[in-house]
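Here is the naming used below: chain letters follow the sequence lines, and residue numbers restart at 1 for every chain.
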Amino acid sequence: MSSEMPKAYEPAEVEPRWYQYWMDHGVFRASTEGGDQRPTYVVSMPPPNVTGSLHMGHALFGTIQDVLVRHKRMQGYNALWQPGMDHAGIATQTVVERQLKRENLTRHDLGREAFIERVWKWKEESGGRILKQMQVLGCSADWDRLRFTMDPDLNRAVTEAFVRLYEEGLIYRDTRLVNWDVESRTVLSDLEVEQEEGVSGELYEFAYAVIDPEGDGAKELVVATTRPETMLGDTAVAVHPEDPRYQHLHGKKLRHPFVDREVPIVLDDILVDMEFGTGAVKVTPAHDFNDFATGKRHSLEEINIMNLDGTLNEQAGEFAGMERFAARKAVKKRLAELGLERGSRQHSMTLPRSQRSGTIVEPIISTQWFVKMEPLAKPALAAVRDGRTEIRPEEWVKTYNHWLENIQDWCISRQLWWGHQIPAWFCAKCDHVNVAREAPAACSKCQHTELRQDPDVLDTWFSSGLWPFSTLGWPEQTEALQRFYPSSDMETGYDILFFWVARMMMMGLHFMGDVPFRRVLLHGMVVDETGAKMSKVKGNTIDPLDLIHGADFKSVVAKASPGAPEAEALKKFQKAYPSTAKMGQGFEPYGGDALRMTLCSYSPQAKRIALSPKRFEGYRNFCNKVYNAVRYSLTHIESAQVTGEPPKATLLINRWILSRLGKTVEQSTRGIEDFRLDEGTQALYHFLWDELCDWYLEASKPVFSSGSDAEKTETRNTLAYVIEATLRALHPYMPFITEELWQRVPRPDDSPESIALCSYPTASVGPADEAAERDLETLQGAISAARTIRTEYQVHPGAKVPLALKSSDAAVRDLLSTQHVLIETLVKTDGPPQVQAPDAPRLAGSVVSVVGAVDVVVGLKGLVEASKESERIERGLKKLDKDVVSLQKRLENPKFLQNAPQEVVAEVREQLASLEAQRARLEDAKQLVAELEG
RNA sequence: GGGCGCAUAACUCAGCGGUAGAGUGCAACCUUCACACGGUUGAAGUCACAGGUUCAAAUCCUGUUGCGCCCACCA
């Protein structure tokens, strides 16, 4: 069979085949059958945006969650990985509007209904693409249960939640200052506004003329602003009540230069910092959050000067109709003409930008729907505090707490068309707001029948917040809801801790009376090799599919910097990923497994996961190693008997590998359960490569070629058993290659049809055998030492050398004699090594190395120059001296003896004794060499 | 203005009280019958800096410097 297998693993040929197989066999399906007594394990997939195509962030969460889910499934859980998609209101609408723009259309040209239809059509065409792409990664979600946030039943859940919150007084309508995105023409929640720090701006000063100044008093009051155009909405200027400069202006009014308005001077010690600027602050209640509050304190008029598209309205007098930034220039120009300009200076400031459109957000006064957050936040805080939900890594708890403790009410209405329309109807006659599950026939207040539904839709995150139960059928009490709520783990990026995780906590506790998930697992952001965020602007994005299928840099770069000249794009890309300089023409087809292993190998503690493309190569090589290890094994194990029980092992190497297997599997399980996939992957990588391949397979060769029949049988069965179990242990991380190989390998008769349905090995898969591990360590030490001597003296790798091994310990000598075949093979000696007591005469022309209890003596038959050996011995002595001195120092310290734990002291004593013995033996060797030279 | 995090081998990162680790890269040798996507061996680190606690500190504490992130309505 192995002869049919190519020499190198070809993921492209293997991976799609098995995914189809899993789908055909319903491997990923969770069970809702009444008789199913298995415990459940549930993960809700963070629903990707319908607009999106797969990026590294998806690949990361897809991989991590799949590892968790596959592991639990193998452990015998009824595992549900609930997949879905998010309609992503503002993001999707923006994308479709951009498409329309290319056709010289706006959504208003189409009208609401036609526009929404268009979005649906587009969603149907390309919406599922991202999920198909996740399948390339091997994601084992229960695709039959796929949900979309705008599905009719999820829509119903949204309506239900809204109505209930409204009836409970937790949703209300209010007119206040909100964040307005003039580009998308919608209000935004605080979270959707990003603060761009350190922007270099201008602090502009101008004067208001004082009306009826006192004889010798000031004729004007100078204010400073970064947004001069807002002065058109000024309804006061504030000074500090104790500011000595302005005492004489208390109670005075100012003349607005452009509009017919008198602007009062008010006293306010909250808004005004005497030290800053001129100590006089213009107050624009309708366009600034501080000023809004100030306006409330002084009952000032709120004058809105802006249209929803960012142009100025009729309140702006001569500036009406101008775009906001044009108006800024114009206002400055006119102020200068009027002789009111009083200078300007550079000023570092923070600009609020829309997360979606990137435009600068304008505070405007508007009537919107809000959720009262404090009553919802309290239970969410308590649930984490008392451990009903655990957040990992733990450092995020503080962030979570801080946000919830200072939470502001959540503005949930959006002036968009794509989304869940708000279930509220305004009465045309009495303006009463009717909130209801269905369109009401008449106004509940006046019985008028002409009602108009609120055209606004809900913030996308409102429906996302219901995800862990809306996907299971809520508000119906479905079987699935009973069984799969709450979820076990919520795994996602920390960037949506507030947007999503915290809101699910609040909604889940409120509507379901229980936390939505037992654990929150947060991973970091995927960034480029230099640590920079991935973006088209920086040209540093990597399409995960290019890593799986392979792509030359030309096309990688074209995708990373769309439309940019190739040379420039390549330069950007290479700057972002220095390691690609040594990677030839592009990414080779590393395969889904290699990508997954690589992503798993990053510690989740890291806030930024800096992709280093070279690393993919490393894990591709690992896949190949796994493949070849099995390919080799197959030549020996086809007739092996594999049962669920570990084979009886008597040979040292078999006992050893079983012991190592058990411990490795334990580490892998712990890694997955502790959300330390990096530790799990590392343990398995090390086991397979450094232990199974480098030692066990090599050690098995002489057994198969010249062992007794009994030895061969035992080794064959052990090898087969270890291979089969190792594949199972690797399966959650590398599903494709393990399935491919597992299907070829001898396995227990009652095995299921897929490795994905096998049990995950436990520590008892290999009985721990400390004696075997210790003995093998001794052998490894001796063999490595002999190899080192060979290399150092430049003995040709093919040449065989005489070898003597000396030890004062009879048990060790016994071990060395018994394992002579192993030693002979791995060191390449000319016949069995001579095992001797320390006082045996030394091999002629030989070199000595001391490792632990063994003196390794390699005969070099005149290849050696004695001087070279003295050099080597001197080096060895020097190192030993250093170590001995440091240990002695510790043992001479009375405080150490007194305070350190007994076992530490004993250990140090032991080490010292061993080092001193080694030293003595090296001294002897030195003596000998000196004699030879003399 | 608050809060959090990071500084360990050329690079990317683990380790977080008991004598410095991995992968990649680098050097030498080897086409040995699973694998050159390989094997053997090796070189390479005052664990950012300065204090402190401790018998013992990369690891705990304090401060400094340099990065990064989050929150906050400073004209």
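Residue A:W403 has no polar side-chain atom (N or O) positioned under 4.0 Å from OP1 or OP2 of B:rC4. An OP1 or OP2 oxygen of B:rA75 is reached within less than 4.0 angstrom by a side-chain nitrogen or oxygen of A:H347. Close to B:rC29, at under 4.0 Å from its OP1 or OP2, lies no side-chain N or O of A:R787. Taking only side-chain nitrogens and oxygens, A:K398 never comes nearer than 4.0 Å to OP1 or OP2 of B:rC71. Between A:T635 and B:rA34 there is no side-chain N or O to OP1 or OP2 distance below 4.0 Å. Using a 4.0 Å cut-off, some side-chain N or O of A:K614 falls inside it from OP1 or OP2 of B:rG25. For the pair A:K607 and B:rG5, the criterion of a side-chain N or O lying under 4.0 Å from OP1 or OP2 is not met. OP1 or OP2 of B:rC55 lies within a sub-4.0 Å distance of a side-chain N or O belonging to A:N899. In terms of phosphate contacts, A:N621 brings a side-chain nitrogen or oxygen within less than 4.0 Å of OP1 or OP2 of B:rG38.
A:K625 comes within 4.0 angstrom of a nucleotide base, judged by non-hydrogen atoms across all strands. Residue contacts for A:T399: at a heavy-atom cut-off of 4.0 Å it reaches no nucleic acid atom on any strand shown. No engagement by A:L203 is indicated, since no non-hydrogen atom pair under 4.0 Å with the nucleic acid exists. Using a 4.0 Å heavy-atom criterion, one finds that A:C623 contacts no nucleic acid atom at all. A:E194 comes within 4.0 angstrom of nothing in the nucleic acid, heavy atoms only. Within 4.0 Å of A:E588, counting heavy atoms only, lies no atom of the nucleic acid at all. As judged by a 4.0 angstrom heavy-atom cut-off over every strand, A:A610 is placed among residues touching the sugar-phosphate backbone only. Across all strands, A:P894 comes closer than 4.0 Å to no nucleic acid atom at all (heavy-atom distances). Across all strands shown, A:L271 has heavy atoms under 4.0 Å from base atoms, whether or not it also approaches the sugar-phosphate. At the heavy-atom level, A:A238 lies nowhere under 4.0 Å from the strands shown. Among the atoms of the strands shown, none is found under 4.0 Å from any heavy atom of A:S579. Heavy atoms of A:V223 sit nowhere under 4.0 angstrom from any nucleic acid atom. Contacts of A:Y685 with the nucleic acid, taken as non-hydrogen atoms under 4.0 Å apart, involve only primed sugar atoms and P, OP1 or OP2. Looking at heavy-atom distances under 4.0 Å, A:R890 makes contact with a base.
With rounding to whole Å, A:K282 atom NZ is found 14 Å from B:rC74 atom C1'. Summarising the geometry, the separation between CD on A:Q780 and P on B:rU41 is reported as 11 Å, rounded to the nearest angstrom. Between the NZ atom of A:K895 and the P atom of B:rA57 there is a distance of 13 Å, rounded to whole Å. Atom P of nucleotide B:rC33 and atom OH of A:Y632 are separated by 13 Å, given to the nearest angstrom. One interatomic measurement links the two molecules: CZ of A:R620 to P of B:rU24, which rounds to 12 Å at whole-angstrom precision. One atom, CE of A:M5, and another, C1' of B:rC37, lie 15 Å apart when rounded to the nearest Å. Atom CZ in A:F896 sits roughly 10 Å away from atom P in B:rU19 (whole-Å rounding). Going from atom CD of A:Q682 over to atom P of B:rU24 covers 12 Å, rounded to whole Å.
Looking at A:K701 and A:E698, a side-chain N of the basic residue comes within less than 4.0 Å of a carboxylate O on the acidic one, giving a salt bridge. Ion pairing between a basic and an acidic side chain is recognised when a charged N comes within 4.0 Å of a carboxylate O; A:R176 and A:E302 show no such pairing. A salt bridge links A:E617 and A:K614; the closest N-O separation between the charged side-chain nitrogens and carboxylate oxygens is under 4.0 Å. With respect to A:D528 and A:K538, no salt bridge is recorded, no charged nitrogen being found less than 4.0 Å from a carboxylate O. Between A:R328 and A:E229 there is a salt bridge, since a side-chain N of the basic residue sits under 4.0 Å from a carboxylate O of the acidic one. One finds a salt bridge joining A:E196 and A:R353 here, because a Lys/Arg side-chain nitrogen approaches an Asp/Glu carboxylate oxygen to under 4.0 Å. Between A:K575 and A:E529 no salt bridge is recorded (no basic side-chain N to carboxylate O distance below 4.0 Å).
If you take atom P in B:rA43 and the same atom in B:rU31, they sit 24 Å apart, rounded to whole Å. Spacing between B:rU59 and B:rG15 at atom C1', rounded to whole Å, works out to 9 Å. Taking atom C1' in both B:rG18 and B:rA36, one finds a spacing of 42 Å when rounded to whole Å. Annotation: B:rC13 and B:rC4 have their P atoms spaced 23 Å apart (nearest Å). Between B:rG25 and B:rG38, the two P atoms lie 9 Å apart (nearest whole Å). Separating the C1' atom of B:rA58 from that of B:rC47 is a span of 4 Å, rounded to the nearest Å. Rounded to a whole angstrom, the distance from the C1' atom of B:rG5 to that of B:rC74 is 26 Å. Distance check on atom C1': B:rG39 versus B:rC33 gives 14 Å, rounded to whole Å.
If you check B:rA58 for Watson-Crick or wobble pairing at under 3.5 angstrom, you find it has no partner at all. Nucleotide B:rG66 forms a pair with B:rC6, judged by Watson-Crick or G-U wobble geometry with both contacts under 3.5 Å.
No N or O donor and acceptor, one from the side chain of A:E792 and one from the base of B:rA28, sit under 3.5 Å apart. A donor and an acceptor atom never sit less than 3.5 Å apart when one is taken from the side chain of A:K889 and the other from the base of B:rA56.
When ring centroids are compared, A:Y619 and A:Y685 come within the 6.0 Å threshold.
Relative to the side chain of A:E698, the nucleotides B:rC71, B:rG18, B:rC35 differ in distance, and B:rC35 lies closest. Counting only heavy atoms from C-beta on, A:N628 has its side chain closest to B:rA34 among B:rG68, B:rA34, B:rC37. Comparing B:rU32, B:rC55, B:rA75 against the side chain of A:F276 picks out B:rA75 as the nearest. Candidate nucleotides B:rG5, B:rG39, B:rC30 were compared by shortest atom distance to the side chain of A:D694, and B:rG39 ranks first. Comparing atom distances between the A:T791 side chain and each of B:rU41, B:rA75, B:rG5 picks out B:rU41 as nearest. Picking from B:rU12, B:rU19, B:rA34 the nucleotide with the shortest atom distance to the side chain of A:S886 gives B:rU19. Listed candidates were B:rG18, B:rG5, B:rA75. Nearest to the side chain of A:E395 is B:rG5. For A:P797, the side-chain atoms get nearest to B:rC29 when compared with the rest of B:rC29, B:rG18, B:rC37. The A:Y494 side chain lies nearest to B:rC69 when the options are B:rU19, B:rA72, B:rC69.
Residue A:S612 is the one, among A:S612 and A:K701, whose nearest nucleotide of RNA chain B lies closer to the 5' end (criterion: closest heavy atom). The nearest heavy atom of RNA chain B to A:E275 and to A:R676 marks one nucleotide each, and the one closer to the 5' end goes with A:R676.
A side-chain donor-acceptor contact under 3.5 Å links A:E202 and A:S344. A donor-acceptor pair shorter than 3.5 Å cannot be found between the side chains of A:T681 and A:Y602.
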